[in-house]
Amino acid sequence: MSATMTPNVNTPGDFQAKDYKSDLKPIWCPGCGDYSVVQGIYRALAAIGRPPHEIAFISGIGCSSRIPGYTTAYGFNTVHGRALPIAQGIKLANPDLLVLAAGGDGDGFSIGGGHIAHLIRRNIDITYIVMDNQIYGLTKGQLSPTSQKGRTTCTSPHGSLENPVNPLLYVLAYGAGFVAQASPTDLVGMAAIIEEAIRYPGFAFVNIQSPCVTYGEEAQQIKGLKAISETLESLGHDPSDRLAAMNLAQNYGTKLNLGVFYRNPEPAPTYDGLVRERQAQLSQGAPSKERILDLFIKK
Amino acid sequence: MRKDLVFGMAGSGGDGIVSAGDSLLQAASAEGYHGVMTKSFGSQIRGGESSCRVRISTDPVLNPGGNLDVAVALNWEDFLKFGAELPVAGTTVVIYEAATGVPENQIPLVGVTPLQVIAVPIAEMAKAHAGTERAKNTVVLGLIAGWFGIGAVAVMKGISKKLAKKSQELVDANQKAFDAGMAFAKEHPLKADMTIVPLENKGGVKLLTDGNDMCAAAAIFAGCQFFGGYPITPSTEIMQFFTNHVWKYGGAVLQAEDEIAGIGAAVGASFAGKKAMTATSGPGLSLKSEMMGLASIAELPLVIVDVQRGGPSTGLPTKTEQSDLFAAAFSAHGDVIRPVLAPTSVADTFRTTIEAFNIAEYYQTPVIILSDQEIASRKETLDPIDTSQFKIIDRLKPTGADLQDYKRFKQTENHISPISHPGMLGGTYLASGIEHVESGAPTNSGSVHARMNDKRTKKFDPLKERKDLFEITGNPDAPLALVAWGSVAGVCREALQMAREQGLDVKLMVPYLLYPVAEQTYRDFFASVQKGLVVEQSHLAQTFKVLRMHLDLPKGLQSLARSGANPFLPGEIVAALHHLLAELQRSHEGKLQPQE
Ligand SMILES: Cc1ncc(C[n+]2csc(CCOP(=O)(O)OP(=O)(O)O)c2C)c(N)n1
Ligand code: SF4
């Protein structure tokens, strides 16, 4: 590990949002919700104060997955659907890093849908942000796993026959320790939720309704989102109540409930933490690597 | 007396055939002999037929051997299921279970009359002396000790060590079964003396291991600190070895949810600055190919082991083949070179694996180790390896000057750029599968793409110059030649010895580097060659075709290729060489005729 690493520091004020903004100019369509998401991420990171070189920001492929390039962190824009496996390899290789993963609803819940369950059950300390626009943006407007039933897109010209995935219920059902939803209509709230997700010691999931202004539906645009927004706080929701969270998560697609659905009040041990413990236990009195072939000596 | 003995044993799943083979090999190695053991199963997990082949010799052994000297059939029908893998010849002694074997007059079932056929009431003896049929394998070991002189003391020492944990009664029962086997052998002498030459000098400490364990141990030795994988026969033991040992050295291992996640985690660990590996077999290699493309363009070191089995698809999952060469070299999208290395024995799996890590780190690239089922699961005795002779190479890290204005994919003279990793101040960059400029920023410029393709392919030019990745034996000017890699190389080494003893002027090339094809090395080797054979276990003759794709081969070079499972025999290769020589002589005679 590099000597420049300063794990677990929290020095708000050392870094400002602009310190996390890279020189790359985003090539999202003007008005795309992802512009707002990246702003939220800058703010959250500034509030936490980890220097950019201690952050690894991993994504899959999609419009939204371009996001690591717009930050000054170490970024990795990988292959479609596989941000999470790669991110977990990074975290296990170096648990001192702050590891963020992000991507679209297609990336996360379609091609990559099989991985989420396993990161959750391992409880790897990674924050996963999905920019949920209920459409495939980068490939120009096909049906996504979160598109509403009946939706017409270029691959469902007569209306979709499929029920959508409910991302919130999905991760809650698998037992994620932190589940929240945010909206670009409320930048300050979104930044606070992302910050809280990063601080949560374990797998944290944030779903963000991020409008696609090019292929998205009317109801998914800022005006539409504002109309259906409702904070969980205003509903008096207790984020330590997992069953209540699952109940509220059923609103997905009709209401846009903002805030923390669930935060495990007693966070479970993380896989990366357990790995460290095992390394420490088993390294005691271990023979040197140079003598590893001695294992094969038969007397 | 014999310097070399090949045993083939088969029975049903519960007969303990493989553990008998294990005990025999361990005992032989404890007595100082060299040996290898290969095992083979039907596709059932339990209850199916299983077999093993143990070769024991006073000299180092290069392969599992040809026809059996000794066939042990606990069940004759099961034995015959292994047909060509356990070939019986006119020189074979056949020992079979009297209770389940076929009548003696039906024995030349495989078309040959063995030297001697002995029915032994193995189960009955086990029951009578040890009180349980489960001691059948111990009776067999007693028979072997009696007739062939191997393991009279060492076998029971090994067995007792294992069983002592359970109970002294078990140890005693097995001792009785073993003694009964020995006594039976003494009462029924063989027609020919087949005892093995006793060793005077025991040759000191020996290692005993298989290719998979050796591969994992070598990876840890090379500094590998992360393994991500998904179980698949016959590669799984590599992951198992890691789960046992890598933690001690600060590493981690992940049994992922599938092959894609396994290699993905390894790609992530490499991006994070650690040496990383994944291992799989054919179907898993297919799943990993998209990630291999990613690692190539992101220029991340990574080692992928493919333990080949019979394909395509789930094919022959428990049998060996060499048919993944195309997949290893070419299963990528885009223009990319991915180095492919192959070990030829358990012993050199150590060196090949270290080499794979060194190449991966130096060239910042995924590297495939093409092992095969035979090497991976065969047990070999080996002399201790002096590990201090191996150089370990780590990736080129950026210096302070590089970090002033860090460009991850900087064009350098040798096309290799210093690589930073998260945590390194000043080294932040964007890695991606998207084409990128030197800084890592995405581009879709055709000219940058062409330049970067150039960087990513030209960087391997020096690799192709490395002569130490090729083993050439025999007279360098020989007109006859053999080319073989992987487990088949061992058979060809022995064929070379035999052919030379028979006066043939022949040489052998064993490439450890299969891809990129080192054109000049082959050209030099082929310069003197008028006739030759590329020997491989691939129906499509993949090696022959890859060579032909990259260079002009001598006209007389032919392919000796066949599907997997059935091993080549050294004698058959020598026969083919004689045939080539005859052709060569005929063509020379032709030259003396008046030409139109
Ligand atoms: C293996 C593979 N399959 C398909 C694609 C094509 N592809 C790229 S992005 C994408 C979907 C993008 O949708 P989403 O993940 O929702 O992200 P968005 O663009 O909407 O932000 C697809 C199908 C690919 N790059 N790789
Ligand atoms: S296509 Fe949609 S998601 Fe993609 S950049 Fe444009 S607005 Fe954003």
Side-chain angles (χ1 to χ4, degrees), chain A residues 1-2 4-5 22-24 27 51-56 58 61 66 68-69 72-82 84-94 96-97 99 114-115 117-118 122 272 275 278-279 281-284 286-287 289-299, chain B residues 26 29-30 205-209 213-214 217 220-221 223 225-226 228 245 247-252 254 256-258 260-262 264-274 276 290-291 293-294 298 350 382 384-385 387-388 421-434 441-442:
Chain A
M1 193 190 318
S2 150
T4 52
M5 189 78 117
S22 80
D23 299 336
L24 271 189
I27 55 166
H53 72 278
E54 295 177 6
I55 301 167
I58 319 306
I61 296 292
R66 292 199 170 111
T72 50
Y74 275 90
F76 199 171
N77 190 190
T78 65
V79 291
H80 194 36
R82 315 297 168 191
L84 289 181
I86 292 182
Q88 84 182 320
I90 295 169
K91 187 71 184 175
L92 296 181
N94 185 353
D96 286 335
L97 299 169
V99 182
H115 298 302
H118 300 280
R122 291 182 194 119
D272 33 294
V275 163
R278 178 156 302 171
Q279 287 166 342
Q281 277 161 14
L282 296 178
S283 67
Q284 302 197 350
K289 226 169 49 192
E290 282 62 40
R291 301 230 54 94
I292 194 153
L293 293 181
D294 289 359
L295 286 167
F296 303 140
I297 292 178
K298 290 281 159 354
K299 287 183 193 107
Chain B
Q26 284 205 26
S29 96
V205 181
K206 287 214 162 41
L207 314 184
L208 181 62
T209 188
D213 280 359
M214 185 54 115
I220 292 175
F221 175 82
Q225 290 214 300
F226 188 83
H245 300 288
W247 315 97
K248 300 176 201 163
Y249 307 102
L254 181 79
E257 56 272 24
D258 56 34
I260 300 175
V267 166
S270 180
F271 174 73
K274 297 280 163 70
E290 186 190 20
M291 277 298 178
L294 174 69
F350 190 71
L382 19 142
I385 296 173
T387 55
S388 68
H421 59 76
M424 202 180 254
L425 185 64
T428 55
Y429 73 100
L430 178 68
S432 66
I434 292 266

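Both backbone and side-chain heavy atoms feed into the values below; hydrogens, waters and symmetry mates do not. Protein chains get the first letters and strands the later ones, always in sequence-line order, with residue 1 at the start of each.
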Write down the atom of [X], the atom of [Y], and the distance for their closest heavy-atom approach.
X	Y	answer
B/I220	A/K289	O-CD, 3.2 Å
B/A441	A/L24	CB-CD2, 3.8 Å
A/G89	B/F226	CA-CZ, 4.4 Å
A/A286	B/K248	CB-CB, 3.6 Å
A/N94	B/P422	ND2-O, 4.3 Å
A/V275	B/A252	CG1-CB, 3.8 Å

Roughly how far, to the nearest 0.5 Å, is [atom2] of [Y] from [atom1] of [X]?
X	Y	atom1	atom2	value
B/E290	A/T78	CD	OG1	8.5 Å
B/D213	A/I292	CG	CD1	10.0 Å
A/F296	B/L208	CZ	CG	9.5 Å
A/H53	B/L425	NE2	CG	4.5 Å
B/I434	A/I61	CD1	CD1	5.5 Å

Please classify the contact between [X] and chain B as side chain, backbone, both or neither, with a heavy-atom cut-off of under 4.5 Å.
X	answer
A/I27	neither
A/R66	neither
A/L293	both
A/T72	backbone
A/A87	neither

Notebook entry, point to check: Are the side chain of A/Y74 and the backbone of B/H421 linked by a donor-acceptor contact shorter than 3.5 Å?
Noted result: yes
Within-4.5 Å side-chain heavy-atom neighbours: [X] and [Y]:
X	Y	answer
B/W247	A/Q281	no
B/L254	A/R122	yes
B/T387	A/R291	no

Notebook entry, point to check: Does the pair B/H245 and A/L295 meet the rule for a side chain to side chain contact (heavy atoms under 4.5 Å, CB included), with working shown?
Noted result: CA-CA 10 Å; B/H245 300 288; A/L295 286 167; 3.6 Å; yes
Item checked: Partner chain B: residue of A/P52, A/P287, A/G75 with the largest heavy-atom pair count (under 4.5 Å) -> A/G75
Contact winner vs chain A - [options], heavy-atom pairs under 4.5 Å:
options	result
B/G293, B/G273, B/P384, B/A269	B/A269
B/G228, B/G264, B/G223	B/G264
B/A272, B/P442, B/A431	B/A431

Given heavy-atom pairs under 4.5 angstrom as the criterion, report whether the side chain, backbone, both or neither of [X] touches chain A.
X	result
B/Q26	side chain
B/M291	side chain
B/Y429	both
B/A266	neither

Check: Can you list the steps and then say if A/I86 with B/F271 is a side chain to side chain contact (heavy atoms under 4.5 Å, CB included)?
Finding: CA-CA 9 Å; A/I86 292 182; B/F271 174 73; 5.8 Å; no
